[in-house]
> 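Starting off with a structure, shown below.
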Amino acid sequence: MKTEKNRAEMIREISGVNPLKCMKCGKCSASCPSYNEMDIKPHQFVSYVINEDIEALANSTSLWKCLSCFACVERCPRDVKPGKLIDAARQIVVRERGQDYLTPDEIPELIDPETPQQLLVSAFRRYRR
Amino acid sequence: MQRIGVFVCHCGTNIAATVDVKKVTEMALHEPGVVHAEDYQYMCSEAGQELIHKAIKEKHLTGLVVCSCSPRMHETTFRNAAEKAGLNPYMVEIANIREHCSWIHKDIEEATEKAVILMRAAIAKVNLDAPLKPGESKVTKRALVIGGGIAGIQTALDIAEAGYPVDIVEKTPSIGGRMSQLDKTFPTLDCSSCILTPKMGEVNAHPNVNIYTYSEVESVAGFVGDFTVEIRKKARSVDMDKCTGCGVCQEKCPSKKTPSEFNRGLDTRSAIYTPFAQAVPNVPVIDRDACIKFKTGKCGVCSKVCQAGAIDYDQVDEIITEKYGAIVVATGFDMIKLDKYDEYAYSQSKDVITSLELERIMNAAGPTGGHLERLSDGKAPKEMVFIQCVGSRCADERGKSYCSKVCCMYTAKHAMLIRDKYPDVNVTVFYIDVRTPGKNFDEFYRRAVEEYGVNYIKGQVGKVIPQPDGKLLVQGADLLDNKQILKEADMVVLAAAIEPNPDVRKIATMLTASIDTNNFLTEAHAKLRPVESPTAGIFLSGVCQGPKDIPETVSQAGAAAVKAIGLLAKDKLLTNPCTAHSDELMCNGCSQCANVCPYGAISYEDKEVNDHGVREVRRLAVVNDALCQGCGACTVTCPSGAMDLQGFSNRQILAEVDAICR
Amino acid sequence: MSIEKNEGFRPKIVAFCCNWCSYAGADLAGSSRMTYSADVKIIRVPCSCRVNPMFILRAFERGADGVIMCGCHPGDCHYTSGNFYARRRMTLLFSMLDYIGVENGRTRVEWVSAAEGAKFSQTMHEFVDKITSLGKNVRLEDLRCRN
Amino acid sequence: MKYSYFPGCTLKNKAQDLDHYARISAEALGFELEEISEWQCCGGVYPLGTDEIATKLASVRALNDAKEKGQELVTLCSACHHVIKRVNDDMKNVDDIRTRANNYMELDAPYEGETNVLHYLEVLRDVVGFDELKKKVTNPLTGKKIGAYYGCLLLRPGKLMSFDDPENPKIIEDFIRAIGAEPVIYPYRNECCGGYISLKEEDLSKEMCRKIEESASGFGADMLITACPLCMYNLNKNNGDNLPVYYFTELLAEALGLKEEVKEQ
């Protein structure tokens with residue numbers, strides 16, 4: 001089992017983000033379209049990584065609510081871009097446990113005749129190893 | 001052979017904590033020419049200098065090496081100490097073992113080793129030092145102030161009061177600058193015009209002050225005490241002597257569609273215009289790009305209505321050449337352009353404005369007559385939202401890395417004024433931090449919250465969303481309540497970052513004054529010489545040096561004036577003796593050196609030389625010490641090696657290279 | 001990777017800094033405590049245009065592993081145009097260094113203003129890394145001095 | 001002018017007609033889309049992780065194919081464009097990714113980001129020109145009030161995509177003008193529709209679509225157009241018939257008088 005320190009370092013490495021650059025302005029959370037669905041808010045991701053509390057991030061629903069819309073990435077004035085941290089945390093979870101948020105068995109119930117291939121492809125890319 | 005003394009400073013623990021100063025001192029004694037070495041806690045102190053004095057006298061030293069802080073810090077101190085003891089001040093070299101060694105290295109062994117090497121290089125250089133004598137140059141007793149805002153006005157007034165003539169060069173048609181655009185000032189809520197216009201009048205009337213408005217500095221030559229400046233006085237198309245300032249021409253001018261610079265483009269002005277009613281001088285200019293007469297040849301209404309006959313369509317730009325002893329830069333600031341921040345919908349809604357635009361809206365002489373209203377439909381707002389730090393404190397290329405410093409306070413001011421005048425208007429401020437370091441500043445901000453009920457929310461705004469009904473939806477974060485907020489607003493005010501006047505880069509280049517990555521002029525020392533440029537004779541006043549509010553600007557303007565007065569009060573200046581010098585026997589008169597000299601300091605003379613018994617007349621390079629600034633460009637370009645720089649000679653630098661690579 | 005190979009190797013690096021911008025930038029790096037390798041030793045010159053190519057050759061002759069020259073940003077020279085001369089001279093010199101056996105990477109020109117302490121430190125970091133990866137330099141010899 | 005063309009999964013299957021519209025319009029406008037042989041799916045999502053290599057290889061293959069043909073690479077779907085353009089940037093500027101991807105690919109010559117990636121709209125704007133397009137329109141959509149829906153992938157990150165101003169774009173509005181209709185500018189045009197999560201978080205994405213629809217209708221739009229098949233699906237699914245969403249190539253073909261032709265085929 002990796003220590004929290006290892007995992008925090010991994011998040012920093014995978015994301016390429018230096019969370020210490022954050023000035024806590026909250027523009028990420030102000031921009032996030034899924035804000036209300038998230039238990040840990042985009043701006044909080046930064047301090048969770050700084051404080052190496054990765055287990056909480058790993059269990060957070062926010063990982064699956066993030067839309068990858070890059071609004072926070074575009075608008076962050078400090079080059080922190082929390083979207084990248086969220087993506088890295090999601091990677092860690094998916095890689096570590098193979099804990100898949102989506103399984104093939106679920107698919108038939110979720111789709112309709114019009115569902116574009118793109119949606120399935122991207123869902124698999126995002127949600128499982 | 002020199003007799004060299006080496007003095008190693010501990011600088012308290014600044015050096016001694018990382019560099020083994022005892023070892024450095026001991027190593028010094030093994031170096032050629034060194035006859036004395038000692039260390040002391042603070043070499044720059046009175047007691048430290050006394051040690052140097054004593055050693056020079058007792059050991060008959062001919063050269064000194066001081067291992068201490070940067071020469072930019074204390075070289076002069078130690079040179080003066082040497083001079084007092086009867087040693088030529090140019091026989092002193094500094095080994096920088098603080099900024100370049102102890103402060104940046106952690107390992108004592110490594111740092112000590114490096115300190116020894118730096119000391120060796122300095123010793124090698126002193127061994128080849130020769131006494132130098134500075135020359136003298138004259139001081140033109142006139143100062144130039146570039147920029148006619150509050151900084152320039154104050155500096156000019158202070159210099160003029162001390163009895164020296166001053167010229168102000170102002171680019172726009174009137175002095176007054178940004179302060180003239182403000183409505184009220186924090187933290188006392190003084191009316192800006194009420195305190196500025198008397199100063200504008202005073203400086204205009206002062207017998208020692210000469211104001212060139214609608215003018216720009218064209219070129220600068222020379223150096224401290226003796227600058228030659230060309231000023232372009234742009235064609236005003238109005239005779240300043242004849243014009244009475246009655247204003248009829250502006251009323252009758254048929255071209256009224258140009259956005260008013262003074263009102264930040266919120267309304268329009270005529271082609272012939274004064275920027276504002278209290279303009280100094282109260283003489284309009286014709287904007288030739290907007291004037292129908294200049295564009296089509298037909299019109300001439302202003303000329304017809306001018307009873308004084310002051311309109312002159314044939315005026316041309318005039319170049320004035322003047323000499324100055326000192327130059328003060330007071331070029332001020334502007335707000336950044338917001339085109340990269342359209343998440344705030346600045347270009348998509350007329351009701352999203354900048355703070356400076358709000359100043360104009362709040363001002364009785366502004367586009368709405370001082371009435372707070374939405375620019376889209378003229379309706380009175382009920383909900384106002386202020387957004388802080390728009391483009392300030394940014395790590396990306398969209399904005400500025402620094403804090404603009406004035407926004408927190410002026411936003412508190414705006415919020416308070418609005419709540420005071422329109423109690424039914426709710427005011428919300430989205431902030432990241434509220435910064436109020438200044439006399440009565442925090443009290444002022446607290447009043448906005450406690451007495452005026454301004455709603456401060458900690459968190460930035462993500463997006464301003466214009467609504468079909470004309471309202472604005474502000475989507476922001478409340479970090480303390482951990483909520484995302486959607487707030488409906490009638491107007492949104494953006495505290496856009498301030499940036500140095502874009503012209504300052506051009507001016508700094510002309511003045512050879514250094515400028516930082518944000519285009520602020522660099523001061524000679526951040527703490528101890530904050531109003532001087534590293535370039536001698538150039539002084540800094542106001543926001544051109546860094547963000548400042550009005551009281552700070554006025555204090556700095558006064559300080560810059562005092563520094564300029566101190567210079568103008570001297571009859572002679574000592575020149576830098578580290579000038580180039582040509583060896584007559586080696587020079588072949590090829591003119592390469594004169595081609596690269598930026599000061600025109602090198603000329604050629606036919607001179608008789610005695611070359612190993614052969615007497616002949618040769619064409620030789622001669623350096624004018626008064627003009628040479630000692631850059632050394634000529635020394636490298638000289639193909640025969642005749643040209644060398646005193647104080648930084650070829651042999652000296654090679655000796656340093658050798659000492660470092662040893 | 002090659003840096004690891006040369007572990008333990010301490011290069012000799014000479015830095016020429018102009019008095020007005022880059023030396024002041026180095027001072028700022030110092031007062032801001034922005035560390036860089038002790039292998040860098042700075043020589044102060046009034047202007048980058050004072051740096052004679054001869055100085056750089058001499059450094060390589062005496063065993064330097066890398067030489068870097070820093071000046072004011074183009075257009076910001078205290079002497080108006082000195083750094084332009086320096087830039088041209090160094091371009092010419094560097095183009096010939098390869099021919100005499102000194103790799104291109106052992107020399108560098110960088111513009112550092114008085115306000116760029118961080119850039120100075122960063123530049124020195126990079127340069128030291130580069131030289132360390134290149135390893136020890138061959139020492140130039142002046143053939144005239146040979147028997 | 002001949003371009004390498006990367007159609008992507010959706011336009012090749014569920015939304016084939018949109019791909020046909022694009023090709024036939026291209027022909028009418030004087031450029032040709034040559035489909036990359038054996039292209040592989042881009043993955044639909046750009047892998048942000050700096051250590052993700054395998055997931056970027058499909059894009060590298062397409063990019064290298066275009067490079068070998070000496071052509072620029074044109075994409076139609078926003079997601080493909082986003083992924084391929086960003087992978088290309090990695091290959092150009094990120095040493096580590098470039099080295100590792102090339103080690104894996106074992107190409108004849110390493111791929112170093114040489115290919116220029118263009119979106120179909122960029123070809124219309126920068127190569128054909130909207131003025132030129134306007135001249136070729138035979139069936140202008142006069143009187144239609146159309147809102148451009150950009151979504152997130154085309155615009156962000158702004159610096160990297162360098163497609164248009166990410167907060168105040170105008171390329172689709174210009175396109176709408178060129179085909180004779182009237183653009184409706186509304187603030188939610190660059191807000192996310194939640195397409196990526198619509199499989200598992202249907203309610204959330206529904207709410208986001210509602211906001212977009214409300215904003216666009218509020219400002220007077222009769223319909224929306226988009227460049228992303230996923231956005232189109234998601235918005236249509238959630239909007240119902242109130243505000244139909246079309247793919248931009250369909251309206252392009254219609255304006256050029258080619259739509260019926262395609263239908264007949």
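Numbered from 1 within each chain, the chains take letters A, B, ... in sequence-line order.
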> Does any pair with a residue in residues 8-53 of chain A pass ring pair (Phe, Tyr, Trp, His ring centres under 6.0 Å), and if so which ones, sequence neighbours excluded?
none
> Which answer fits A/Glu74, side chain, backbone, both or neither, if we ask what part of it has an atom under 4.5 Å from a heavy atom of chain B?
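Just its backbone gets close to chain B.
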> Would the distance check show the side chain of B/Asp351 and the main-chain N or O of B/Leu375 forming a donor-acceptor pair, the cut-off being under 3.5 Å?
yes
> Between side-chain atoms of residues 428-438 of chain B and protein atoms elsewhere (two or more places apart, or another chain), which donor-acceptor pairs fall under 3.5 Å?
unit_1	atom_1	unit_2	atom_2	d
B/Asp433	OD2	B/Arg393	NH1	3.2
B/Asp433	OD2	B/Arg393	NH2	2.7
B/Thr436	OG1	B/Asp442	OD1	2.5

> Give the minimum heavy-atom separation between A/Pro82 and A/Val46, together with the two atoms involved.
CG-CG2, 4.4 Å
> Between A/Cys76 and chain B, with a heavy-atom cut-off of 4.5 Å, which part of the residue counts as in contact: side chain, backbone, both or neither?
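It is the backbone, since no side chain atom gets that close.
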> Checking an interface table here. Which of residues 395-411 of chain B come within a heavy-atom distance under 4.5 Å of chain A?
B/Ala395, B/Asp396, B/Arg398
> Of B/His414, B/Arg264, B/Arg178, which is the lone residue that meets side-chain hydrogen bond (donor to acceptor under 3.5 Å, both in side chains) with B/Glu359?
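The passing option is B/His414.
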> Please check if the side chain of B/Gln484 supplies one atom and the backbone of A/Cys32 the other of a donor-acceptor pair under 3.5 Å.
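Confirmed, B/Gln484 side chain pairs with A/Cys32 backbone.
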> Give the table of side-chain donor-acceptor pairs shorter than 3.5 Å for residues 485-495 of chain B, with sequence neighbours excluded, one pair per line with atom names and distance.
unit_1	atom_1	unit_2	atom_2	d
B/Asp490	OD1	B/Lys471	NZ	3.3
B/Asp490	OD2	B/Lys382	N	2.7
B/Asp490	OD2	B/Glu383	N	2.8

> What residue, out of A/Cys25, A/Cys72, A/Ser31, A/Gly26, has the most heavy-atom pairs lying under 4.5 Å from chain B?
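Top count of heavy-atom pairs under 4.5 Å with chain B: A/Cys25.
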> Identify which one of B/Val385, B/Ile387, B/Leu472 satisfies the side chain to side chain contact (heavy atoms under 4.5 Å, CB included) criterion when paired with B/Val352.
B/Leu472
> Top residue by heavy-atom pair count (under 4.5 Å) with chain B, among A/Lys21, A/Lys41, A/Met23?
A/Met23
> For A/Ser29 and B/Ala477, indicate whether the former's side chain and the latter's backbone hold a donor-acceptor pair under 3.5 Å.
no
> Is A/Lys27 in contact with chain B via its backbone, its side chain, both, or neither, using a 4.5 Å heavy-atom distance?
both
> Between B/Gln388, B/Lys483, B/Lys458, which shows the greatest number of heavy-atom pairs under 4.5 Å with chain A?
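Option with the greatest count: B/Lys483.
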